[in-house]
Amino acid sequence: EAQLVESGGGPVEVGGSLRLSCTASGSAFDDSDVGWYRQAPGNECEQVSSLNKHGRASYVDSVKGRFTISLDNAKNTLYLQMNNVKPEDTAVYYCASDWTGLVLSPGSCPGGFGDWGQGTQVTVSS
């Protein structure tokens with residue numbers, strides 16, 4: 001079973017930037033769709049961004065133009081660059097990988113499919 005480990009979360013001020021990293025053991029990212037999800041208290045799990053096995057990226061409307069997903073295959077690491085963060089970006093962020101595809105709305109994080117990291121907290125303060 002593959003292991004995904006997130007890092008890079010923490011406190012950040014409104015308008016600031018963070019880069020989340022997700023490093024995979026083994027071949028978790030090979031020939032798989034990968035992505036980032038988040039869940040805030042009282043909210044459902046939301047897919048923030050995904051990158052399919054063909055390299056196509058997608059973003060939820062609320063982060064378009066501010067967040068960027070990227071994958072470094074040589075390092076087995078998935079990134080989420082978060083710029084111009086807002087208070088509503090506060091959540092626990094999870095990375096996920098699944099060779100059969102990612103579920104858009106899994107209900108709760110982590111979802112019951114693929115491989116997931118343990119989550120990293122991002123807190124945006126004004």
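Count residues from 1 along the sequence.
- In this structure a side-chain-to-backbone donor-acceptor pair under 3.5 Å is present from K53 to W99.
- Side-chain contact check for Q39 versus Y93: every heavy-atom pair is 4.5 Å or farther apart.
- Of all heavy-atom pairs spanning Q47 and V103, the tightest one is NE2-O, 3.7 Å.
- The closest side-chain heavy-atom distance from D98 to D115 is not below 4.5 Å.
- Between L4 and S97 there is a side-chain heavy-atom pair separated by less than 4.5 Å.
- Judged by distance alone, the side chain of T90 and the main-chain N or O of T123 form no donor-acceptor pair under 3.5 Å.
- Side-chain N/O atoms of S21 and T77 include no donor and acceptor closer than 3.5 Å.
- Counting only N and O atoms by type, the side chains of S58 and S50 include a donor and acceptor under 3.5 Å apart.
- Considering only heavy atoms from C-beta on, V92 stays 4.5 Å or farther from R38 through its side chain.
- Inter-residue side-chain proximity for L20 and E6 is flagged as unmet; no heavy-atom pair is nearer than 4.5 Å.
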Steps toward side-chain contact (heavy atoms from CB on, under 4.5 Å) verdict (V124, K86): CA-CA 6 Å; V124 182; K86 301 178 180 181; 5.6 Å; no

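- Between Y37 and W116, the distance separating the two ring centers is shorter than 6.0 angstrom.
- For the pair F29 and C22, the minimum side-chain heavy-atom distance is below 4.5 Å.
- Across all their heavy atoms, I69 and G35 have their closest contact at CD1-CA, 4.1 Å.
- Summarising the local packing, CD of Q118 is surrounded by more than 12 heavy atoms from other residues, nucleotides or ligands at distances under 6.0 Å.
- A pairwise comparison of heavy atoms in L18 and G8 identifies CD2-O, 3.6 Å as the closest pair.
- For the pair D72 and Y79, the minimum side-chain heavy-atom distance is below 4.5 Å.
- Using a 4.5 Å heavy-atom threshold, the side chains of D89 and R66 count as touching.
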